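Some notes on the structure that comes next.
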2 protein chains.
Amino acid sequence: MTRILVVEDNPQIVRSLETILSLEGYDVLVATSGPDGVAAAVRERPDLILCDVMMPGFDGHEVLRRLRADGDAGLTPFIFVTARAERADQRTGMELGADDYLTKPFSREELLNAVRSRLERAEALRAGGGGGAFDFSSPEPLQTRLGITPREAEVLLWVAQGKSNADIGGILGMAEKTVKTHLGNLFTKLGIEGRNAATVLALEVLSGRR
Amino acid sequence: MTRILVVEDNPQIVRSLETILSLEGYDVLVATSGPDGVAAAVRERPDLILCDVMMPGFDGHEVLRRLRADGDAGLTPFIFVTARAERADQRTGMELGADDYLTKPFSREELLNAVRSRLERAEALRAGGGGGAFDFSSPEPLQTRLGITPREAEVLLWVAQGKSNADIGGILGMAEKTVKTHLGNLFTKLGIEGRNAATVLALEVLSGRR
DNA sequence: TGGCTTCTGGGACCAAAGTCGCATTCGGCA
DNA sequence: TGCCGAATGCGACTTTGGTCCCAGAAGCCA
């Protein structure tokens, strides 16, 4: 049985998540504050964690930080649930290595996709030892191999994961306009046209083929 | 010295291609008809062939067909030069495995990008034996592994290579509207949003990791 | 101090992508 | 024969993406 821990204080969202996830056969655990979330994660060892950014006690970033420090629980796939307006301040989310960001409002399909893909990825990591997909854990390879700036590399990393400009702005804590500016510079530097070509290039790098 | 064979009857375009390519240090050979093109390709063994679709003698498709049958010359990177309006009738271009399509009018950058990327790819094939990028040679893996229709797989294959809807319509011989319809169906079937996410999925499959 | 790069944003504007609803053709298959 | 899925096409519309031009703040280095 696959167990998912939901760390979220808004009852509306908790109910919605519970409904969707249980219908898919997942076992749903709930914690309604940061401290409770950390405790539950350590105690229950869920297969995946969905965590809101804004919460009482301490926020989602702090939850992630503590879990990553924990070692064992630090390997659990971790997905942030965030509104577009809520900027990931100080960009701590990214730097701490959240596996994905789910932007509110999200559809049933978006939620299930994010959950499934992260579970599959974790599974592949355990089994194959190398991974079933690409390594999105760090923008560093993109920066060094493509000769771009750190910020550009971060933007590209999320573009290559299929995020929209608006989402990326939310995740990295910058305006959508700024995302566009970085992308424009990126296109020029890399001599390509369009985010799609950028995605292909990035994935070539991230798959270790360049 | 890298040698490029241009098979094109329109003097305007020949001049333009020659100017751009020689400036980049490529050695440019020219043939102005299908038969001449085949003869030149077999005799000169260029490193890459740029070939117009519409031509006297026989057309670009026929040139490609004969070269592919030839064996040795069949391995040379082959890029079709085509106008958006000229549809790849009977979709023979795709089925015969042209490496890329360059849509008129094209910019200097587009031309050089296509040429460079195909040369690099051929180089990687000779050296590494496996390839430096992804295997775009057939839509079949996409079809079977993702459970989509043949036509949808063809569309996806070109989306994953960064082509626009209009270009894909030209390449596959269908209206842009139809490309959009297929893509819409694809998004629903795969449970994703946007061509970028589709690209990531497709590349995972084409990299042999799924 | 002066120049350089990086990162950040705004406004205007055009092009491309994507959605919704509807309709036709064609080939298998019950 | 009649139905169905696959493939194709059109129109109208909304949303993103991308470009051009511009400009301020911060940090590094000669």
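Naming: A, B, ... by sequence-line order, numbering from 1 per chain. Values in this document were obtained by computation on a predicted structure and should not be read as measured data.
The side-chain contact (heavy atoms from CB on, under 4.5 Å) search around B:Ala114 returns B:Ile79, B:Asp100, B:Leu102, not counting sequence neighbours. Scanning for side-chain contact (heavy atoms from CB on, under 4.5 Å) contacts around B:Pro150 gives B:Gln143, with sequence neighbours left out. Scored by the side-chain contact (heavy atoms from CB on, under 4.5 Å) test, A:Val14 finds A:Glu8, A:Glu18, A:Val30 as partners (sequence neighbours excluded). Applying the side-chain contact (heavy atoms from CB on, under 4.5 Å) test to B:Thr149 and every residue at least two apart in sequence or in another chain returns B:Arg151, B:Glu152, B:Lys189.
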(message) Expected output check: what is the dot-bracket annotation of DNA chain C, where ( ) and [ ] are pairs inside the strand (brackets for crossing ones), | is paired with another strand, and pairs are Watson-Crick or G-U under 3.5 Å?
(response) ||||||||||||||||||||||||||||||

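Checked for salt-bridge contact, B:Glu24 and B:Arg108 meet the test: a charged N lies under 4.0 Å from a carboxylate O. Salt-bridge annotation for B:Arg66 and B:Glu62: present, with a side-chain N of the basic residue lying under 4.0 Å from a carboxylate O of the acidic one.
For the pair A:Lys177 NZ and D:dC22 C1', the computed distance is 13 Å after rounding to whole Å. Residue B:Gln143 contributes atom CD, which lies 18 Å from atom P of D:dG5 at whole-angstrom precision. Taking atom CD1 of residue B:Ile168 and atom C1' of nucleotide C:dA16, one finds them 12 Å apart after rounding to whole Å. In this structure, the CG atom of B:Asn185 is 14 Å from the P atom of D:dG9, given to the nearest Å. Summarising the geometry, the separation between CG on A:Leu186 and P on C:dT6 is reported as 12 Å, rounded to the nearest angstrom. The distance from atom CD1 of B:Ile148 to atom C1' of D:dA7 is 14 Å, rounded to the nearest whole Å.
Relative orientation of the B:Phe134 and A:Phe134 rings is perpendicular, given thresholds of 30° and 60° on the angle between their planes.
A close approach under 4.0 Å does not occur between any side-chain nitrogen or oxygen of A:His182 and OP1 or OP2 of C:dC7. Considering only side-chain N and O atoms, B:Thr178 lies nowhere under 4.0 angstrom from the phosphate OP1 or OP2 of D:dT8.
The side chain of B:Met174 lies closest to D:dG9, out of D:dA7, C:dC7, D:dG9.
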(request) Sugar-phosphate atoms are those with a prime plus P, OP1 and OP2; base atoms are the rest. Using that split, label each nucleotide of nucleotides 17-30 of chain C B, S or - for protein heavy atoms under 4.0 Å, 5' to 3'. (result) BBS-----------

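Formation of a donor-acceptor pair under 3.5 Å by the A:Asp99 side chain with backbone atoms of A:Phe78 is found in this model.
Ring to ring, A:Trp158 and A:Phe136 are not that close: their centroids are 6.0 angstrom or more apart.
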